[in-house]
Amino acid sequence: MKETIYNLLTQQGDMTWQQITMHILVSAVIGLLIFISYVISHKGTIYSKKFGVTLIVLTVMTGTVMTVIGNNIALSLGMVGALSIVRFRTAIKDSRDTVYIFWTIIVGICCGVGDYLVAAVGSSAIFLIFLIVGAIRSDNRMLLIIRAKRSRCENIESQVFRYFGTGAVLRVKNTTEENAEYIYELSRKILGKVQKQHPALTDDFYNLGQIESVNIVAQSDEIYN
């Protein structure tokens, strides 16, 4: 019994140099596919070239680790223990980035154990999903921020509705005894249409009187998160 347990804990898979090279090469190729998917689906301010390169490296690293572990249970348990003490504090700017991190790890595991078909088919399916529905613009939302005296509230609301109609969604209204702040969310398309009709859009608001500031800000997923 003891000998059986010892053999189970110390057994190692005999791998040739060709197999090791194939594991790492396939990991790198699919990692490049993941990088291409990231470039396509991330447009705007949240795109990070460094993160894209990291995806390729992480895929190869995971594949390499799995190749080293093989079917050695003792080594795999030690690796899990070592990785469990690592703490990553890098902020994730976009929820999709988490998916890409898991994608690279899963592909690395599959390639490290030689399941190339699973890695290829799964990655192809995920790539198509991101290609169809993942290319979401992150800079399509705009914010119209108006600060003024509280006595101008009714005039501001009337003018915003007259210019934007229901296209401007009131997200925040802060008021004090003397001042008021409005934050409207609208699409870039609607803003562009109104600006064509009213080139001096900000000046029109200042003409209401007692307006402290009028700001138009591009809102992205990075701000949202």
Testing the basics here: between Tyr206 and Ser213, what is the closest heavy-atom pair and its distance to 0.1 Å? OH-CA, 3.5 Å
Applying salt bridge (Lys or Arg N to Asp or Glu O under 4.0 Å) to Lys193 and not counting sequence neighbours gives none
Flag side-chain contact, heavy atom, 4.5 Å: Tyr182 against Leu144: no
Find out whether Cys111 and Ile30 are in side-chain contact, i.e. whether some heavy atom of one side chain is under 4.5 Å from a heavy atom of the other. yes
Please give the remaining members of the hydrophobic cluster of Leu117, linking ILVMFWY side chains under 4.5 Å, ordered by chain and number. Val121
Restricting to salt bridge (Lys or Arg N to Asp or Glu O under 4.0 Å), what partner residues turn up for Arg152, sequence neighbours left out? none
Contacts of Leu33 meeting side chain to side chain contact (heavy atoms under 4.5 Å, CB included) (sequence neighbours excluded), chain-then-number -> Ser123, Phe127
With sequence neighbours excluded, what pairs up with Tyr116 under the side chain to side chain donor-acceptor pair (under 3.5 Å) test? His23
Check for a donor-acceptor pair, side chain of Arg150 on one end and backbone N or O of Thr176 on the other, with a separation under 3.5 Å. yes
For Ser151, which residues count as a side chain to side chain donor-acceptor pair (under 3.5 Å) partner, sequence neighbours excluded? Gln210
List for me each residue that meets side chain to side chain donor-acceptor pair (under 3.5 Å) alongside Asn179, sequence neighbours excluded, and say none if there are none. none
Side-chain contact test, heavy atoms from C-beta onward, threshold under 4.5 Å: evaluate it for Ile146 versus Gln159 and give yes or no. no
For residues 54-66, which residue pairs qualify under side chain to side chain donor-acceptor pair (under 3.5 Å), counting only residues two or more places apart or in two chains? none
Taking Thr21 for the side chain and Gln18 for the main chain, is one N or O donor matched with an acceptor at less than 3.5 Å? no
Would a line drawn from the ring center of Phe51 to the ring center of Tyr100 be shorter than 6.0 Å? no
Quick one: does Glu181's side chain get under 4.5 Å of Ile145's, heavy atoms only? yes
Mind checking what makes salt bridge (Lys or Arg N to Asp or Glu O under 4.0 Å) contact with Glu212, not counting sequence neighbours? none
By side chain to side chain donor-acceptor pair (under 3.5 Å) - contacts of Asn207 (at least two apart): none
With sequence neighbours left out, what residues match Val194 under side chain to side chain contact (heavy atoms under 4.5 Å, CB included)? Tyr163, Phe164, Ile190, His198, Leu201
Could you list the residues that satisfy side chain to side chain contact (heavy atoms under 4.5 Å, CB included) with Ser124, not counting sequence neighbours? none
